[in-house]
Amino acid sequence: MKSEPDVFSFDQLRKRRKEPWSGVRNYQARNFMRDGMSVGDPVLFYHSSCAEPGVQGLGKVASKAYPDPTQFERGGEYFEPKATREKPVWWLVDIAWAADFARPVTLEMLRKDKRLADLLILRPGNRLSITPVTAAELRTIAGLGG
DNA sequence: GCCAACGTTGGC
DNA sequence: GCCAACGTTGGC
């Protein structure tokens with residue numbers, strides 16, 4: 001899961017322990033949270049749009065999917081006029097801090113590792129903020145992080 | 001349903 | 001700030 005550290009960093013997640021992953025406004029990313037995640041699933045926390053993009057550490061899914069409350073905030077940045085309480089449009093999960101890496105796994109390190117050739121985030125033009133990884137990819141990246 | 005215009009993402 | 005690569009929007 002990507003996050004811009006200027007907006008919400010892995011350090012902030014560690015301090016807060018848990019954070020609702022609100023504000024996702026892409027259907028594919030929403031579907032991964034709503035349909036593809038279970039409580040306890042490991043999460044790679046990736047910093048994007050910063051000096052050194054890369055995976056900072058591990059989080060974990062800390063709730064089942066529930067409606068993103070920001071879609072109901074009239075006048076707010078994430079207000080969704082099409083959403084109703086009965087038929088929400090946007091869903092999220094809570095993400096909890098799980099473990100630090102000894103070192104961040106930089107984008108450069110990800111690119112250099114042949115085992116990660118199929119990692120979705122490395123595909124040209126990938127802009128999805130949430131992408132699935134295989135168990136093998138997770139192990140590889142966690143290994144690189146020490 | 002098509003598709004051009006537009007907005008956003010994200011590395012550099 | 002640039003720009004490639006997308007996703008979304010809206011007229012038709």
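In what follows, chains carry the letters A, B, and so on, assigned in the order in which the sequence lines appear, proteins first and then strands, with residues in each chain numbered from 1.
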Exercise. Return the nearest nucleotide to the side chain of A:Glu4; candidates are B:dG11, B:dG10, C:dT8.
Key: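 Within the option list, the nearest is B:dG10.
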
Calculate the interatomic distance between [X] atom [atom1] and [N] atom [atom2]; express it in whole Å.
| X | N | atom1 | atom2 | answer |
| --- | --- | --- | --- | --- |
| A:Ile121 | C:dA5 | CD1 | P | 17 Å |
| A:Arg123 | B:dG11 | CZ | C1' | 18 Å |
| A:Arg25 | B:dT8 | CZ | C1' | 15 Å |
| A:Leu119 | B:dG11 | CG | P | 13 Å |
| A:Leu120 | B:dG10 | CG | P | 14 Å |
| A:Leu128 | C:dA5 | CG | C1' | 12 Å |
| A:Glu77 | B:dT8 | CD | P | 10 Å |
| A:Tyr27 | C:dT8 | OH | P | 7 Å |

Exercise. Using a cut-off of strictly less than 4.0 Å, decide whether A:Tyr46 has a side-chain nitrogen or oxygen near OP1 or OP2 of B:dT9.
Key: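 Indeed not, no polar side-chain atom of A:Tyr46 lies that close.
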
Exercise. Indicate whether OP1 or OP2 belonging to B:dG10 is found under 4.0 Å from a side-chain N or O atom of A:Lys2.
Key: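 For B:dG10, OP1/OP2 do have a side-chain N/O of A:Lys2 under 4.0 Å.
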
Practice problem: Apply side chain to side chain donor-acceptor pair (under 3.5 Å) to A:Lys15 and list each qualifying residue two or more places apart in sequence or on a separate chain. | Solution: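 Side chain to side chain donor-acceptor pair (under 3.5 Å) check on A:Lys15 returns nothing, list empty.
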
[X] [atom1] to [Y] [atom2] distance, which is reported to the nearest 0.5 Å:
| X | Y | atom1 | atom2 | result |
| --- | --- | --- | --- | --- |
| A:Thr70 | A:Glu80 | OG1 | CD | 10.0 Å |
| A:Gln28 | A:Arg30 | CD | CZ | 11.0 Å |
| A:Phe79 | A:Gln71 | CZ | CD | 9.5 Å |
| A:Ile130 | A:Ile95 | CD1 | CD1 | 7.5 Å |

Exercise. Quick one: do A:Leu107 and A:Leu122 satisfy side-chain contact (heavy atoms from CB on, under 4.5 Å)? Show the steps, please.
Key: CA-CA 8 Å; A:Leu107 180 58; A:Leu122 300 181; 3.6 Å; yes

Self-check item: Secondary structure of DNA chain B in dot-bracket form (Watson-Crick or G-U wobble, distances below 3.5 Å, | marking inter-strand pairs)
Solution: ||||||||||||

Quiz item: Going by the angle between their ring planes, with limits at 30° and 60°, are A:Trp21 and A:Phe45 parallel, tilted or perpendicular?
Solution: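 Rings of A:Trp21 and A:Phe45: perpendicular, over 60°.
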
Quiz item: What are the two closest non-hydrogen atoms of A:Val93 and A:Met37, and how far apart are they?
Solution: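 Closest pair (atom of A:Val93, atom of A:Met37, distance): CG2-SD, 3.8 Å.
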
Exercise. Just call it for A:Ser49: base, sugar-phosphate, or nothing, with non-hydrogen atoms closer than 4.0 Å on any strand.
Key: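 Base, at least one base heavy atom under 4.0 Å.
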
Exercise. Establish whether A:Leu138 and A:Leu144 are linked, either directly or via other cluster members, by ILVMFWY side-chain heavy-atom contacts under 4.5 Å.
Key: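 In one cluster with A:Leu138: A:Leu144, yes.
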
Exercise. Enumerate the residues from residues 107-116 of chain A whose closest heavy atom to DNA chain C is under 4.0 Å, giving them by residue number; use none for an empty result.
Key: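 Hits under 4.0 Å, by residue number: none.
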
